[in-house]
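Let me begin by presenting the structure, written as structure tokens, before commenting on it.
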Number of protein chains: 2
Amino acid sequence: MQLNRLIDFHKALADPTRLRILILLSHSPLHGQAIAGKLGLKPPTITHHMTKLREAGLVKERREGNTIYFQLERRVLEQKSFAFCSLLKEEETDMSKTKGTLRTEAIWRNFFTPDNRLKTIPAQRKKRIVVLHRIASSFNHGQKYEEKEINQIIQRFHDDFATLRRELIIHQFMYREKGIYELNPAEMWPASEEREI
Amino acid sequence: MQLNRLIDFHKALADPTRLRILILLSHSPLHGQAIAGKLGLKPPTITHHMTKLREAGLVKERREGNTIYFQLERRVLEQKSFAFCSLLKEEETDMSKTKGTLRTEAIWRNFFTPDNRLKTIPAQRKKRIVVLHRIASSFNHGQKYEEKEINQIIQRFHDDFATLRRELIIHQFMYREKGIYELNPAEMWPASEEREI
DNA sequence: AATCTAATTAGATATTTATCAAATTAAAAG
DNA sequence: CTTTTAATTTGATAAATATCTAATTAGATT
């Protein structure tokens with residue numbers, strides 16, 4: 001499991017001293033004693049923290065003569081910041097693959113072609129919701145979309161993107177603000193089946 | 001300082017048990033005993049962890065009869081995941097507002113050590129101007145300096161104070177009159193910048 | 001070779017924290 | 001009002017960890 005890497009990353013950011021170190025390094029690279037000086041700590045303490053930051057991949061170092069400069073790895077920071085969110089998303093799609101109920105699958109078979117096109121928009125509300133679920137899942141949580149992009153993506157399923165777009169809003173899969181669309185959190189999505197709890 | 005909130009957030013994600021809880025909740029809301037069962041832990045332990053997750057804003061709860069369902073707050077998770085990156089970016093733009101553009105910072109990183117020494121005198125005129133800017137800024141407008149003082153101050157940056165002093169004059173950062181030096185008004189200083197990216 | 005400097009390691013201490021068993025509380029159901 | 005049930009609080013324990021001083025190491029410089 002690579003959960004451990006994730007934990008080490010979050011542990012690295014779970015300490016005030018280390019956050020302050022990273023903030024300092026965001027201005028410019030620094031060597032150990034400079035950091036110690038600015039934070040009012042002793043060099044061994046800095047070594048301790050730099051070890052953890054290094055293990056998390058958040059800093060790299062270069063030697064210059066006798067002194068070692070530490071330097072922030074911004075890209076790693078950004079990648080790992082979202083790692084857990086991504087993991088949850090994977091889990092989610094895995095789940096819906098294995099857990100999609102028979103009933104749902106039947107609806108899919110009826111309304112989607114094998115290459116993922118929507119044959120017709122279901123008239124019955126419950127079936128329509130199931131279909132909308134699948135369409136909404138092609139968008140990413142947290143990402144903002146312009147109407148053009150929305151239409152494009154919906155059109156991969158069906159040509160009547162206007163109706164489907166409106167349905168996504170009506171049933172709270174997404175919301176619109178000043179022409180920008182974004183997914184609602186999954187908890188706001190309508191349940192497509194009975195509750196399982 | 002809202003650093004504490006950030007720390008609490010990362011602490012929340014810095015424990016394997018809590019990550020597993022969040023993964024469970026990403027599938028569906030669950031009540032305490034269910035979580036305890038799935039993880040092979042006792043209810044008090046779950047209470048302990050849910051307290052921390054709640055304080056970090058990562059879960060909310062709803063009561064149903066006697067049992068309490070916990071539910072993941074995806075939006076909060078996504079927002080806070082990037083919070084520290086955003087903070088660093090703000091820091092950075094603050095820096096460049098007060099101290100110069102990104103390009104300037106790159107030059108600084110290349111030519112100055114972290115403790116403000118000039119590694120080498122840039123050969124390229126534009127870069128030299130940027131460097132001279134920083135050195136000239138250590139003098140006060142309106143104050144008169146003797147050559148000895150000038151040398152001393154420049155020497156804090158680089159041992160070749162003669163060259164740098166001459167450059168400061170040539171590029172009109174300062175002028176000399178009867179052995180007395182003084183800064184020119186800032187409007188006479190050469191522009192160090194082309195444009196920001 | 002001898003010395004200097006920055007960094008690291010080792011060892012000690014105090015704080016935090018993950019976990020559990022036992023006791024208690026809160027709310028619903030009888 | 002009493003009982004039931006899930007959750008919480010309390011108190012204890014073991015593990016992790018942030019910090020320091022003192023000793024050591026790794027590289028440069030003389």
Side-chain angles (χ1 to χ4, degrees), chain A residues 3-25 28-56 58-71 197, chain B residues 3-25 28-56 58-71 113-117 119 159:
Chain A
L3 265 211
N4 285 328
R5 289 196 169 282
L6 244 185
I7 291 168
D8 285 344
F9 167 73
H10 286 290
K11 274 187 186 173
L13 297 190
D15 176 84
T17 301
R18 284 193 288 270
L19 287 194
R20 295 174 69 200
I21 290 175
L22 291 176
I23 291 174
L24 285 178
L25 293 184
S28 74
L30 287 176
H31 53 109
Q33 301 210 325
I35 299 174
K38 283 176 194 267
L39 297 184
L41 294 171
K42 302 298 175 187
T45 305
I46 303 305
T47 296
H48 168 72
H49 289 300
M50 296 324 280
T51 302
K52 305 213 162 206
L53 291 175
R54 192 189 309 119
E55 282 169 3
L58 289 172
V59 299
K60 70 179 176 191
E61 38 196 289
R62 73 168 196 283
R63 189 161 207 126
E64 235 175 67
N66 224 320
T67 104
I68 293 173
Y69 289 93
F70 296 96
Q71 166 166 345
I197 312 170
Chain B
L3 264 209
N4 285 327
R5 289 195 169 281
L6 244 185
I7 291 168
D8 285 344
F9 167 74
H10 286 290
K11 275 188 185 170
L13 298 189
D15 176 85
T17 301
R18 284 193 289 271
L19 287 194
R20 294 174 70 201
I21 291 175
L22 292 176
I23 291 173
L24 285 179
L25 293 184
S28 75
L30 287 175
H31 53 109
Q33 301 209 326
I35 299 175
K38 286 179 194 262
L39 297 184
L41 295 171
K42 301 299 174 186
T45 305
I46 304 304
T47 296
H48 168 72
H49 290 301
M50 296 323 281
T51 302
K52 304 212 163 209
L53 291 175
R54 191 188 309 120
E55 281 169 4
L58 289 172
V59 298
K60 70 180 177 192
E61 37 196 291
R62 75 169 194 283
R63 190 160 204 127
E64 238 176 63
N66 221 324
T67 104
I68 293 173
Y69 289 94
F70 297 96
Q71 157 167 351
T113 71
D115 50 18
N116 229 10
R117 293 277 299 172
K119 297 181 201 164
D159 287 332

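Keep in mind that the numbers below use all heavy atoms, side chains included, and drop hydrogens, waters and symmetry copies. Reminder, nothing fancy here: chain letters follow the sequence lines and each chain counts from 1.
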For the pair made of [atom1] in [X] and [atom2] in [N], what is the distance, rounded to whole Å?
X: B/H10; N: D/dT17; atom1: NE2; atom2: C1'; answer: 19 Å
X: B/I46; N: C/dC20; atom1: CD1; atom2: C1'; answer: 12 Å
X: A/R62; N: C/dA6; atom1: CZ; atom2: P; answer: 16 Å
X: A/I7; N: D/dT17; atom1: CD1; atom2: C1'; answer: 16 Å
X: B/K11; N: D/dT17; atom1: NZ; atom2: C1'; answer: 11 Å
X: A/L30; N: C/dA7; atom1: CG; atom2: C1'; answer: 15 Å
X: B/F70; N: D/dA6; atom1: CZ; atom2: P; answer: 14 Å
X: A/Q33; N: C/dA7; atom1: CD; atom2: C1'; answer: 8 Å

The side chain of [X] is closest to which nucleotide in this list: [options]?
X: A/R63; options: D/dG27, D/dT19, D/dT8; value: D/dG27
X: B/N66; options: D/dT17, C/dT19, C/dA26; value: C/dA26
X: B/I68; options: D/dT9, C/dA28, D/dA7; value: D/dA7
X: A/H48; options: D/dA26, C/dT17, D/dA18; value: D/dA18
X: A/P44; options: C/dT8, D/dA7, C/dT17; value: C/dT8
X: A/T47; options: D/dT8, C/dA7, D/dC20; value: C/dA7
X: A/K42; options: D/dC20, C/dT17, C/dA18; value: D/dC20
X: A/P43; options: D/dT17, C/dA18, C/dT8; value: C/dT8

So [Y] and [X], do their side chains get closer than 4.5 Å, heavy atoms only?
X: A/L22; Y: A/V59; value: yes
X: B/K52; Y: B/K11; value: no
X: A/T45; Y: A/L39; value: no

Distance check: side-chain N/O of [X] vs OP1/OP2 of [N], anything under 4.0 Å?
X: B/K52; N: C/dA18; result: yes
X: A/H49; N: D/dT19; result: yes
X: B/T45; N: C/dC20; result: yes

**Q.** Atom pair CD1/CD of B/I68 and B/Q33 - distance to nearest 0.5 Å
**A.**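 That separation rounds to 11.0 Å.
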
Q) Between NE2 of A/H31 and CZ of A/F70, what distance do you get to the nearest 0.5 Å? A)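 Answer rounded to 0.5 Å: 10.5 Å.
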
Q.
Using a heavy-atom cut-off of 4.0 Å across all strands, would you classify A/T17 as base, sugar-phosphate, or nothing?
A.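 Sugar-phosphate contact only - A/T17 comes under 4.0 Å of backbone atoms but never of a base.
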
Q: Name the nucleic acid region contacted by B/L41, choosing base, sugar-phosphate or nothing; use a 4.0 angstrom heavy-atom cut-off, strictly under.
A: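 Sugar-phosphate: the residue B/L41, judged by heavy atoms under 4.0 Å, touches backbone atoms but no base.
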
Q) In this structure, are over 12 heavy atoms from other groups packed under 6.0 Å from A/R20 atom CZ? A)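 Open.
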
